[in-house]
Every structure is written in C-alpha cells, then in structure tokens.
Q: 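Structure below; questions to follow.
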Amino acid sequence: MEQEFNSLDAQHEACSAYIASQRHEGWKHLKARYDDGGVSGGTMNRPALICLLEDVDSGLVDMIVVYKIDRLTRSLADFAKLIDRLEAKGCSFVSVTQSFSTSTSMGRLTLNVLLSFAQFEREVTAERIRDKIAASKKKGMWMGGMVPWGYQVHSDPKVQSLEPHPQNAPDIQRVFDLYERVGCLSKLKREVDQLWPMRSYSRGRLHNILRNPIYIGKVRHKSDVYEGLHEAIIAQEQFDRVQQQICLLYTSPSPRDGLLS
C-alpha cells in the first residue's frame with residue numbers, strides 16, 4: 001500500500017474511466033475516495049465504507065462504482081443488508097469488471113448468484129483447511145497457536161513440530177512433581193506463584209497444563225489424541241497418576257455429603 005502506484009490506484013483509474021464513459025447519463029465523479037487499503041472485505045467495520053454509507057444516507061451518493069463485488073463486501077448476509085440500505089436511499093452500485101448494475105432487476109439477480117458462489121467457495125476453502133489441520137494432527141504435527149510452556153517451535157523449520165525448551169522444560173516437570181506432592185490446585189498455584197512470580201498462572205491454567213497430553217508427546221484434536229512428533233517432557237506413568245489425582249479430587253465427597261438435614 002506504500003508504493004507510489006498500487007492496486008488501489010489502478011482500481012480507482014478503472015472506476016474513474018467507467019464514470020467518464022457514463023457522462024451522457026449525467027454521472028459526475030465525486031472527489032472523495034473511499035479506499036480501505038489493507039482492511040479485509042470480510043468485515044463491515046471499515047472506516048472508508050462507514051464514511052461512504054454515511055454519505056449515501058445524506059443523499060450525496062446516487063451510484064457506487066466498484067472494481068469488483070468483493071471490494072464492497074464478501075459476505076452474502078452483509079450484502080443483503082447493504083442492498084436494503086442503498087435501496088432505501090435510492091442508491092445503486094455497478095461493478096466495472098463484472099458488467100452489471102444493481103439498478104436493474106437482472107443485475108441484482110446476477111449479483112446474488114455471484115455472491116452465493118463466492119460464499120460457497122469460502123466455505124469449501126474453510127472445510128479444506130479444517131480437513132488439512134485434522135489430517136496433519138493425526139500425523140502428530142504441530143499446527144501452530146500458542147506454544148505450550150516448556151516447549152519451543154522446532155529449530156528445523158522443515159520439521160512441523162515442537163521441541164523441549166532447554167530452560168523451561170524442567171519447570172513443567174517440577175509443576176507435575178509439585179502437584180503430586182500437594183494434591184491441590186490452590187496449593188499448587190501458591191507454590192508456582194512463589195517459584196515463578198512473573199508467570200502468575202491461574203488455577204484453571206495450571207489445570208489445563210496438568211491435563212494436556214502435549215507433555216507426554218501427544219497431540220490433541222478436539223476429542224481425539226494422536227502420537228506427536230515431538231519429545232515428551234513428562235513420563236506416561238506420572239501423567240496417569242496426576243490424572244487419577246485430579247479425577248479423585250473432583251469425585252471425592254465433600255465434608256457435608258452424607259449429613260442428614
């Protein structure tokens with residue numbers, strides 16, 4: 001976007017030329033440019049779009065000229081709302097490269113069809129991404145996100161996995177050891193706060209660490225757990241003992257249980 005002549009400038013020139021070709025229809029080019037460079041067309045919360053719609057509401061704009069439909073919106077639901085708002089103010093829009101205008105019923109039908117296919121394509125792409133993530137996790141790969149305490153991204157960029165952090169991996173071992181000794185999340189939190197005051201982990205965060213199979217060399221995907229490519233920090237036997245402790249903590253009767261009212 002910082003280039004002297006970027007894609008927005010090229011689109012603006014194309015739209016300006018189209019407006020000039022419609023002078024016989026009484027079209028006049030406004031000086032204002034409604035450019036949202038670098039902002040996704042998947043959201044309606046774009047400064048220039050908001051300004052444009054305010055000008056439409058004020059009666060300053062009768063026709064919106066766009067380079068392509070998705071420069072205005074990429075959502076069928078948002079588009080429907082836009083059309084209602086534009087029609088309420090007697091405003092239409094035309095796509096320069098797709099040769100139709102919402103000022104005609106055929107143009108509106110064509111636009112709805114195109115947006116339906118665009119939405120279908122986005123949903124298919126999202127499904128492919130989800131399938132790829134699921135397939136990669138089945139192979140034990142690390143698919144990004146917040147790196148768990150005790151690990152770091154593998155030093156070899158070709159290896160899509162984690163590796164124990166030289167300094168932090170022993171901390172995780174100590175957390176598991178502490179929990180086995182104190183047997184209580186509240187006490188564990190106090191110990192962790194004293195040992196690592198800068199971390200300030202909540203009981204919920206510590207609970208998630210103790211329950212996370214990543215530390216025994218596995219990868220979780222939704223409700224499934226797969227063998228990971230990374231090295232374990234915690235032994236399976238200790239992890240199992242901690243899980244039993246946690247389960248007993250939540251299933252043990254409270255002091256009030258069994259009392260008659």
Q: Examine distances only and state if a side-chain atom of Glu163 and a backbone atom of Ser155 form a donor-acceptor pair shorter than 3.5 Å.
A: yes

Q: Could you go step by step and tell me if Val175 and Tyr215 meet the side chain to side chain contact (heavy atoms under 4.5 Å, CB included) rule?
A: CA-CA 12 Å; Val175 168; Tyr215 295 114; over 6 Å; no

Q: Quick one, Tyr18 with Tyr67, criterion side chain to side chain contact (heavy atoms under 4.5 Å, CB included). Give me CA distance, side-chain angles, the key distance, then yes/no.
A: CA-CA 10 Å; Tyr18 187 87; Tyr67 185 73; over 6 Å; no

Q: What heavy-atom pair brings Ile209 and Phe176 nearest, and what distance separates the two atoms?
A: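 The pair with the smallest heavy-atom distance is O-CZ, 3.7 Å.
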
Q: Please test Leu53 against Leu86 for side chain to side chain contact (heavy atoms under 4.5 Å, CB included), starting from the C-alpha separation and ending with a verdict.
A: CA-CA 8 Å; Leu53 294 176; Leu86 296 181; 4.3 Å; yes

Q: Minimum heavy-atom separation for Ser200 to Asp193, with atom names?
A: CA-OD1, 4.0 Å

Q: When rounded to the nearest 0.5 angstrom, what is the spacing between CE in Met143 and NZ in Lys137?
A: 8.0 Å

Q: Decide if atom CZ of Arg241 counts as having more than 12 heavy atoms of other residues, nucleotides or ligands within a radius under 6.0 Å.
A: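 Enclosed: over 12 neighbouring heavy atoms sit under 6.0 Å from CZ of Arg241.
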
Q: Between Tyr226 and Met141, is there a shared hydrophobic cluster once you connect ILVMFWY residues whose side-chain heavy atoms come closer than 4.5 Å?
A: no

Q: Checking Gln11 side chain against Val66 main chain: does a donor-acceptor pair fall under 3.5 Å?
A: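 No: the side chain of Gln11 does not pair with the backbone of Val66.
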
Q: Please round to the nearest 0.5 Å and tell me the distance separating atom CZ of Phe239 and atom NZ of Lys218.
A: 8.5 Å

Q: Step by step, would you call Lys89 with Asp55 a salt bridge (charged side-chain N to carboxylate O under 4.0 Å, His left out)?
A: CA-CA 10 Å; Lys89 295 297 179 179; Asp55 286 349; over 6 Å; no

Q: The criterion is salt bridge (charged side-chain N to carboxylate O under 4.0 Å, His left out); which residues satisfy it with Arg199, sequence neighbours excluded?
A: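 By the salt bridge (charged side-chain N to carboxylate O under 4.0 Å, His left out) rule, Arg199 matches no residue at all.
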
Q: Is Ile216 linked to Val219 within one hydrophobic cluster, defined over Ile, Leu, Val, Met, Phe, Trp and Tyr using a side-chain heavy-atom separation of less than 4.5 Å?
A: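 Unlinked, Ile216 and Val219 end up in two clusters.
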
Q: Please round to the nearest 0.5 Å and tell me the distance separating atom CG of Leu30 and atom CD1 of Ile19.
A: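 So the CG of Leu30 and the CD1 of Ile19 are separated by 8.0 Å.
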
Q: Measuring from atom NZ of Lys132 to atom CZ of Arg128, what distance do you get when rounded to the nearest 0.5 angstrom?
A: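 It comes to 12.0 Å.
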
Q: State plainly whether the residues Asp62 and Lys28 are in salt-bridge range, i.e. N to O under 4.0 Å.
A: no

Q: Step by step, work out the side chain to side chain contact (heavy atoms under 4.5 Å, CB included) result for Gln173 and Gln238.
A: CA-CA 10 Å; Gln173 180 65 66; Gln238 183 178 24; 2.8 Å; yes

Q: Flag the pair Trp27 / Val65 as yes when at least one side-chain heavy-atom distance between them is below 4.5 Å, and no otherwise.
A: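 SC-SC contact between Trp27 and Val65 confirmed.
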
Q: Please report the closest heavy-atom contact between Met63 and Val94, naming both atoms and the distance.
A: SD-N, 4.0 Å

Q: Does CG belonging to Asp224 count more than 12 external heavy atoms closer than 6.0 Å?
A: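 Yes, because the 6.0 Å sphere around CG of Asp224 holds more than 12 heavy atoms from other groups.
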
Q: Once rounded to the nearest 0.5 Å, what's the spacing between atom CD1 of Ile172 and atom CG of Asp177?
A: 11.0 Å

Q: Is any side-chain heavy atom of Pro166 closer than 4.5 Å to one of Gln152?
A: yes

Q: Can you name the ring pair (Phe, Tyr, Trp, His ring centres under 6.0 Å) partners of His230, sequence neighbours left out?
A: Tyr151

Q: Identify the heavy atoms of Pro164 and Ala169 that sit nearest to each other, and give their distance.
A: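 Reported closest heavy-atom pair: CB-CB, 4.0 Å.
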
Q: Mind listing the closest non-hydrogen atom pair of Leu188 and Val182 along with its distance?
A: N-CG2, 3.9 Å

Q: Minimum heavy-atom separation for Ile64 to Cys91, with atom names?
A: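 In this case the closest contact between Ile64 and Cys91 is CG1-SG, 3.9 Å.
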
Q: Does atom CZ (Arg220) have a neighbourhood of more than 12 heavy atoms from anything else shown, all under 6.0 Å?
A: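 Counting other residues, nucleotides and ligands, CZ of Arg220 exceeds 12 neighbours.
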
Q: Does Gln243 have more than 12 heavy atoms from other residues, nucleotides or ligands lying within 6.0 Å of its CD?
A: yes

Q: Check the hydrophobic clustering (I, L, V, M, F, W, Y; side-chain heavy atoms under 4.5 Å; chains of links allowed) and say if Leu178 and Tyr201 are grouped together.
A: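 Yes: a chain of side-chain contacts under 4.5 Å links Leu178 to Tyr201.
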
Q: Rounded at 0.5 Å granularity, tell me how far CZ in Arg85 sits from CG in Asp57.
A: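 Here the interatomic distance stands at 4.0 Å.
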
Q: Regarding Asp240 and Gln244, is there a side-chain donor-to-acceptor distance under 3.5 Å anywhere?
A: no

